[in-house]
Amino acid sequence: MQKISPFFLALFLALIPFFLFGNNVQISNVSLTNDSTITFNISWENSWRVSVAPNNHDAVWLFLKRRDCASGQWSHVELSSTIANHSAASPLEIYIDGKDASGTKGLFVRRSADGTGNITNTVVSLRMTALPVGQYDFRVFGIEMVQIPQDSFLLGDGNISTGSFTDGNSSNPYYVTSEGPIAVSSAAGNIYTTSTSYRPVSMPATYPKGYAEVYCMKHEISQAQYVDFVNLLTSDQAASRQITGTANRLNITGTWPVLVANVPHRPMSFLGWSDFLAYLDWSALRPMTDLEYEKICRGPIIPVAGEFAWGTSLITDANTLTNDGTANEQSSNAITAGGGIANYNNNTILGPIRCGFAAKAATSRLTAGSTYYGVMDMSGNIWETVVSCRNAISVGFTGNVGDGVLSVSPGPGFANQPSWPSPLASVGSSSAAAGKAYRGGSWNEVAARLQISDRALAYSADGRRFNEYGGRGLR
Ligand SMILES: [Ca+2]
Ligand SMILES: [Ca+2]
């Protein structure tokens, strides 16, 4: 192998399509500006940073993969841990959260000051480190995220939803005011449910409870994102993770390493628990917990009885599509005043609709079906796969993030991060995924399952690939 040659690298880069549609994030004009710096343009729509409620911002999670031209294998790229070694043109800035166990596996770009609107072809340069001598192709991945600020919040909706959490044996919500331990009992000040079927176990300080700041994927994992992931694995890793077919609005054809997402903007379904965790590990993200799901939906405000992700108990079924199968796939249903819209109820649309389908120009939180913070489709479309708080293995989860690297042997292609529950769960087993849960309902569920305090299916250990299963990552 030769020493890294900028000329060679530039040549390879020019030969490979470097567009990524992570929903509406676009990365273009990727080039190598010296032997360790990748420069590209980034664009995405409807960016924001605000100092009024919800006091948050959006961002894009960036990470790089490199292909060794000799072996053909893709690897995760280490980035410099020094912010000053990277750059982002106005109005963006670089943010490194320091959550990696070692090194820097990725970083955020976000607005540096309050403002709203589209980000258009803004130049970003990232410094790579620990790059072995060799010749490489590079790919830049960008995932749209929403910042969820540190804040106290209430769990439960007044005991209306199935398994709604309460403060002791009352109908009052439970107030989460720190990441400190939470005890479970009927006494005031402890978390509780009237039915033992839905009661959690006590949670140590290390289990993420939703109080601390996180970044949450704005959309469910898309079919394009999943296909990009599988195509860059080794052949034996891909054999564990490959999902193809055309059932229930999935549309992935071909075989590794040229799988094709024919409806790239639609959410990925049929994700088994081990598929889901592997995607998150490879992306240097992590799963969300049951409690984090409710915080991300409700925010710090007072619960509404039976509320959905958009904060009211009124719901319109998205069951009439326009531009079906395109990047503008959306529903044309008139939304009930005071309510939101979601894909649910197994009616006409028998599968997921495009990620963020309800967000249009001038939509509100309600009519976009958005959470308090601006996260999309948390009620309906595809189930949100989360870490439960039901048993010891689930509350042993410490919120550590993936490192971009999956298992190689003996079982190739699995997540392998400490504390992640049941990462080896077989996609053929209905009971191997201990520690897993589902929140928020899906296209195939009744409205009650979409309520954000509902836990009717919050303790499933099903590891299988079903047409309603998917989710999103946190960082
Ligand atoms: Ca969902
Ligand atoms: Ca790993």
Side-chain angles (χ1 to χ4, degrees), residues 23 63 65 74-76 78 99-103 105-106 146 216-222 229 233-234 237 240-241 249 266-269 271 274 276-288 290 292-294 296-297 308-310 315 318 340-345 349 351-359 368-371 375-386 400-409 411-420 423-424 437-445 447 449-452 454 457-458 466-475:
N23 303 307
F63 58 97
K65 302 280 178 177
W74 290 90
S75 306
H76 200 83
E78 297 288 329
K99 291 181 176 177
D100 294 303
S102 67
K105 310 300 181 187
V146 176
C216 176
M217 282 175 64
K218 185 175 181 180
H219 301 110
E220 294 157 338
I221 298 165
S222 72
F229 153 69
L233 300 176
T234 63
Q237 288 175 330
S240 300
R241 301 281 75 93
R249 300 173 61 74
R266 240 180 238 161
M268 184 65 195
S269 50
L271 283 180
S274 59
F276 176 67
L277 292 186
Y279 174 82
L280 298 181
D281 189 359
W282 182 87
S283 304
L285 300 173
R286 68 165 175 89
M288 76 172 76
D290 174 296
E292 288 176 322
Y293 168 82
E294 203 159 332
I296 293 166
C297 290
F308 301 102
W310 47 86
I315 184 169
I341 187 165
N343 178 21
Y344 76 108
N345 223 19
I349 313 297
I353 307 177
R354 178 178 65 87
C355 298
F357 70 91
S370 159
T371 75
V375 177
M376 306 303 301
D377 302 325
M378 288 282 267
S379 285
N381 221 20
I382 288 292
W383 278 107
E384 305 299 330
T385 304
V386 304
N400 53 316
V401 296
D403 64 356
V405 182
L406 301 184
S407 67
V408 174
S409 68
F414 290 83
N416 54 359
Q417 296 310 106
S419 98
W420 289 26
L424 305 179
Y438 292 120
R439 302 282 260 119
S442 82
W443 61 267
N444 195 30
E445 300 292 333
R449 297 290 83 77
L450 278 66
Q451 294 170 335
I452 63 177
D454 180 271
L457 292 174
F466 276 173
N467 55 18
E468 305 174 56
Y469 291 176
R472 73 188 79 207
L474 244 57
R475 172 82 196 187

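Any value given below was found using the heavy atoms of this structure, including those in side chains, with hydrogens, waters and symmetry copies removed. Not measured: the values here are computed from a predicted model. Ligands are counted one by one from 1 in listed order, and the atoms in each one are counted from 1 as well.
- Rounding to 10 degrees, one finds that the Ca ion (ligand 2) sits at the corner of an angle of 80° between Asn416 OD1 and Asp281 OD2.
- If you look at Asp377 and ask which of its N, O or S atoms sits nearest the Ca ion (ligand 1), the answer is O.
- Geometry note: the Ca ion (ligand 2) is the vertex, Asp403 OD1 and Gln417 OE1 are the arms, and the angle is 90° (rounded to 10 degrees).
- Looking only at N/O/S atoms, Glu220 comes nearest to the Ca ion (ligand 1) through OE2.
- Taking 3.0 Å as the threshold, Val405 counts as a candidate ligand of the Ca ion (ligand 2), since one of its N, O or S atoms lies below it.
- Inclusion of Gly441 in the first shell of the Ca ion (ligand 1) is not supported: no N, O or S atom falls under 3.0 Å.
- For the Ca ion (ligand 1), the set of nearby N, O or S atoms under 3.0 Å includes none belonging to Gly471.
- Aromatic pair Tyr469/Phe276: ring centres not closer than 6.0 Å.
- Ion pairing of Asp377 with Lys218 is absent here, as no side-chain N (NZ or NE/NH1/NH2) approaches a carboxylate O to less than 4.0 Å.
- Inspection of the Ser222 and Arg354 side chains reveals no N or O donor paired with an N or O acceptor under 3.5 Å.
- For Glu384, the N, O or S atom closest to the Ca ion (ligand 1) goes by the atom name OE2.
- Side-chain rings of Trp74 and Phe229 stay apart, their centers remaining 6.0 Å or farther from each other.
- The shortest distance between side-chain heavy atoms of Leu285 and Arg472 does not fall below 4.5 Å.
- Ion pairing of Arg449 with Glu468 is absent here, as no side-chain N (NZ or NE/NH1/NH2) approaches a carboxylate O to less than 4.0 Å.
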